[in-house]
Amino acid sequence: MPTPSPWPTDCWYAVGLSSQVGHQPLAHRFQGREVVLMRDGAGRVLAFDGRCAHRGCSLAAGWAQGDHLVCPYHGWQYDAQGTCVHIPALRAEESIPRQARLRTFPTRERHGFVWLWLAGRQASPDGDVLDIPELEGLTLRAGGDMAYTYATHFTRTIENGIDPTHAAFVHGKSIGRVDPTTDFSLEHYPVQVEPGSLYGRMPIKVKKLNGLTRLLLKGDSSNAYKEYRFLYPNVVVSIIHFGALTLAALQAHVPDNDGETTVRVTNGRNFLTATPLLNRLFDRITLDTGLQISKEDAAVIIEQEPKRVTFRGSHEVLIDSDLILVEYRRMMRERARV
């Protein structure tokens, strides 16, 4: 009996930031392999397995020649379908072997990410990348893009991304420190469960604000709340509302391998997007704050055991405030069969 894949495959994975993909190859680690992304002459993103069919050379250091991907070791060229179309060392009487090809992946670009479909090119992908209604009215890429690599499984970083109650205790330097007089009990919040998506809204409990949040609220968080949306299998959208001001962080939790996850983030907001000087200043503040938040999260979640979330038979004790995590685990059990 074949061993089931440790990764969901019947889905679109967000793997890279659209802003970083150009006409020259860009390699990302993904599920224990390399994937190479590049744009063709029409601007469409092509995605290839990152190892040459010839001698297993990494194509990360390759280059584009027209719409062809060129191997840096022996110059083999591959077209958009992954078929080898040129071998410099081939004699005139020889033909290119039929096995000389790379696996390729269907791609989409939405919400600032490049998405890959893993179930194979033979069948058309069912459905498309889901909408994120909470982004309406926001300017994406406001705040720039960033990435942070965690030494743990992507299921742990995803759960951290939708966890509603840790910020007051983990993010004292970046968001705000704990006020000992605060009631941290979290009233019940509903979670909307949709095909391939979860949504929850809850209040913000941090009372003594620092840095970026203090600039926005001048120290008052009484009109602040947050929203989380999870898109199966690896995207978290975190949106914070400070009265009329809204900040969004779109996070692609890319499984590099079983023990490492790179979270690629693109930001959005509904303010300070039309004034270049203030826009650049706020971008810098947003990125610096995001990096500090990532460091604070990493210090905690890389020590969790087991490294990978156990979806069946877990001994972890979840409570009502963890409802969105409960629904995430249920979705992974049902959809990914893990």
Side-chain angles (χ1 to χ4, degrees), residues 5-73 75-86 99-130 141 145 147 149 154 196 231-235 250-257 260-266 336:
S5 170
W7 314 101
T9 57
D10 58 335
C11 49
W12 289 99
Y13 273 91
V15 298
L17 295 162
S18 287
S19 61
Q20 294 182 334
V21 181
H23 293 288
Q24 291 305 312
L26 173 68
H28 285 321
R29 292 180 299 162
F30 179 60
Q31 295 186 353
R33 62 163 74 95
E34 278 186 330
V35 172
V36 171
L37 308 175
M38 58 178 276
R39 294 187 186 276
D40 65 13
R44 295 169 298 197
V45 176
L46 309 176
F48 305 88
D49 186 86
R51 295 285 164 175
C52 183
H54 179 209
R55 302 266 294 282
C57 174
S58 172
L59 297 170
W63 59 89
Q65 189 162 319
D67 288 347
H68 295 168
L69 173 61
V70 182
C71 175
Y73 196 14
W76 287 32
Q77 294 185 23
Y78 298 91
D79 67 12
Q81 288 71 47
T83 302
C84 183
V85 294
H86 179 62
Q99 301 92 333
R101 58 181 305 109
L102 303 176
R103 182 183 178 187
T104 58
F105 305 91
T107 65
R108 294 284 189 274
E109 286 190 90
R110 286 203 75 187
H111 313 312
F113 296 127
V114 174
W115 305 68
L116 303 187
W117 180 265
L118 296 189
R121 288 194 81 96
Q122 292 76 16
S124 298
D126 294 327
D128 213 331
V129 176
L130 296 176
R141 285 215 68 218
D145 297 332
T149 299
F154 86 118
L231 298 186
Y232 174 85
N234 75 319
V235 168
L250 287 71
Q251 310 161 15
H253 294 247
V254 184
D256 298 344
N257 51 53
E260 289 184 303
T261 302
T262 297
V263 180
R264 296 188 170 92
V265 183
T266 188

K.L.:
Output all residues satisfying salt bridge (charged side-chain N to carboxylate O under 4.0 Å, His left out) with Asp256, sequence neighbours left out; order by chain, then residue number.
P.N.:
Arg29
K.L.:
How close do Pro233 and Phe154 get, counting heavy atoms only, and between which atoms?
P.N.:
O-CE1, 3.7 Å
K.L.:
Looking at Pro8 and Leu118, what are the two nearest heavy atoms and their distance?
P.N.:
O-CD1, 4.1 Å
K.L.:
Without swapping roles, check the side chain of Gln31 against the backbone of Pro255 for a donor-acceptor pair under 3.5 Å.
P.N.:
no
K.L.:
Mind checking whether His54 and Cys71 have side chains closer than 4.5 Å, heavy atoms only?
P.N.:
no
K.L.:
Hey, is the main chain of Gln81 close enough, under 3.5 Å, to the side chain of Arg101 for a donor-acceptor pair?
P.N.:
yes
K.L.:
Mind checking whether Leu102 and Leu59 have side chains closer than 4.5 Å, heavy atoms only?
P.N.:
yes
K.L.:
Does the side chain of Asp145 reach to within under 4.5 Å of the side chain of Arg264, using non-hydrogen atoms?
P.N.:
no
K.L.:
With a 4.5 Å cut-off on side-chain heavy atoms, are Val35 and Leu116 touching?
P.N.:
yes
K.L.:
With rounding to the nearest 0.5 angstrom, report the SG to CG distance, Cys11 to Leu231.
P.N.:
11.5 Å
K.L.:
To check you understand the geometry: which heavy-atom pair defines the closest contact between Glu109 and Ser18, and what is its length?
P.N.:
OE1-OG, 2.8 Å
K.L.:
Is it true that a side-chain atom of Asn234 and a backbone atom of Ala14 form a donor plus acceptor pair closer than 3.5 Å?
P.N.:
yes
K.L.:
Can you tell if the side chain of Leu69 reaches within under 4.5 Å of the side chain of Met38, non-hydrogen atoms only?
P.N.:
yes
K.L.:
Is the backbone of Gly56 close enough, under 3.5 Å, to the side chain of Arg51 for a donor and an acceptor to pair up by distance?
P.N.:
yes
K.L.:
Heavy-atom count around Arg33 CZ within 6.0 Å, excluding the residue itself: above 12?
P.N.:
yes
K.L.:
Looking at side-chain heavy atoms only, is the closest gap between His86 and His68 below 4.5 Å?
P.N.:
no
K.L.:
Is there a side chain to side chain contact (heavy atoms under 4.5 Å, CB included) between Tyr232 and Asp10 once you walk through the steps?
P.N.:
CA-CA 10 Å; Tyr232 174 85; Asp10 58 335; 3.5 Å; yes
K.L.:
Over all heavy atoms of both residues, which pair between Ser58 and Glu34 is shortest? Give the atoms and the distance, please.
P.N.:
OG-OE1, 2.8 Å
K.L.:
Search all heavy atoms of Thr107 against all heavy atoms of Val45 and return the closest pair with its distance.
P.N.:
OG1-O, 2.7 Å
K.L.:
Yes or no on side chain to side chain contact (heavy atoms under 4.5 Å, CB included) for Trp115 and Val235, after CA distance, side-chain angles and deciding distance?
P.N.:
CA-CA 10 Å; Trp115 305 68; Val235 168; 3.5 Å; yes
K.L.:
Ala61 and Pro72: which non-hydrogen atoms are nearest, and at how many Å?
P.N.:
O-CB, 3.6 Å
K.L.:
Please verify the inter-ring angle class for Trp76 with Tyr78; under 30° counts as parallel, over 60° as perpendicular, anything in between as tilted.
P.N.:
tilted
K.L.:
Between Val129 and His111, is a side chain to side chain contact (heavy atoms under 4.5 Å, CB included) present by the stated rule, with each step listed?
P.N.:
CA-CA 9 Å; Val129 176; His111 313 312; 4.1 Å; yes
K.L.:
CH2 of Trp63 to CD of Gln77: how many Å apart, nearest 0.5 Å?
P.N.:
9.0 Å
K.L.:
What distance do Phe30 atom CZ and Asp49 atom CG have between them, rounded to the nearest 0.5 Å?
P.N.:
11.5 Å
K.L.:
With a 4.5 Å heavy-atom cut-off, do Arg110 and Trp12 have their side chains touching?
P.N.:
no
